[in-house]
Every structure is written in C-alpha cells, then in structure tokens.
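Report on the following structure.
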Amino acid sequence: GWNNCGSTSIAMFASHAGSKATPYDVKRLCPQSPIATGTDWEDLVAAAEHLDQDWEMVTFANDDTGFAKGVEAVNQYAAVM
C-alpha cells in the first residue's frame with residue numbers, strides 16, 4: 001500500500017522537536033511522490049527542512065559492520081539530545 005514509512009519517520013522525529021505534523025502533512029510536502037507511492041529520501045530531507053529540521057542523509061552497508069556503525073551513529077546523536 002500506502003508506503004508512508006518515510007513520512008511517518010520524519011513526522012515522528014519532528015514531533016520529538018515539538019512539531020504537530022502528521023505523516024500525511026509530511027507526504028504533502030513531497031509533491032513529486034504523492035500518497036500511495038514511495039518517497040525519495042532527498043524529498044523527505046527537504047520536507048524535514050520545512051518542519052525546521054536540519055537533516056543529512058547517511059547510509060551504512062547492509063552487513064554487520066554497517067549495522068554496528070549505524071547503531072554507533074544513533075547513540076552519538078542520542079547523547080547530544
């Protein structure tokens with residue numbers, strides 16, 4: 001279906017910073033990918049900017065090392081919060 005996992009993630013992170021945006025609000029900020037379609041990561045980062053979120057996209061390899069690096073990055077981010 002609806003393929004709203006990206007917009008839901010953006011809305012959840014933004015809510016942590018006080019935003020009231022819903023996943024559908026975020027999806028509306030991505031007109032290149034309407035509801036019922038996937039959302040490009042660059043579009044999601046741009047939508048986050050509209051919600052006063054300064055993001056950058058970082059990826060890690062799909063293996064044990066990449067997973068460990070991803071966990072480390074999340075822990076470092078959480079420590080700053």
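Index from 1, following the sequence.
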Query raised in the report: Does atom CG of Asn75 have more than 12 heavy-atom neighbours from other groups under 6.0 Å away?
Result: yes
Report task. Enter the distance from Cys30:SG to His50:NE2 here, rounded to the nearest 0.5 Å. Result -> 8.5 Å
Query - Lys27 and Thr39: side chain donor to acceptor below 3.5 Å - result: yes
Query raised in the report: Looking only at heavy atoms, what is the nearest atom pair of Lys69 and Phe60, with distance?
Result: CB-CD2, 3.6 Å
Requested in this report: Evaluate whether atom CZ of Phe67 has more than 12 neighbouring non-hydrogen atoms of other residues, nucleotides or ligands under 6.0 angstrom away.
Outcome: no
**Report entry** Asp25, Leu44, Asp43, Leu29 screened by side chain to side chain contact (heavy atoms under 4.5 Å, CB included) with Ile10, the one that passes
**Finding:** Leu44
Report summary line: Taking every heavy atom of Pro23 against every heavy atom of Ala11, the minimum-distance pair comes out as N-CB, 3.7 Å
Report summary line: dist Met12:CE -> Ser7:OG (nearest 0.5 Å) comes out at 10.5 Å
Report task. Determine, using the 4.5 Å side-chain heavy-atom cutoff (strictly less than), whether Trp41 and Phe13 are members of one ILVMFWY cluster. Result -> yes
Query raised in the report: Does Ser15 reach the main-chain N or O of Gly18 with its side chain, forming a donor-acceptor pair under 3.5 Å?
Result: no
Requested in this report: Might you confirm whether atom CG of Asp63 has over 12 heavy atoms from other residues, nucleotides or ligands at distances under 6.0 Å?
Outcome: yes
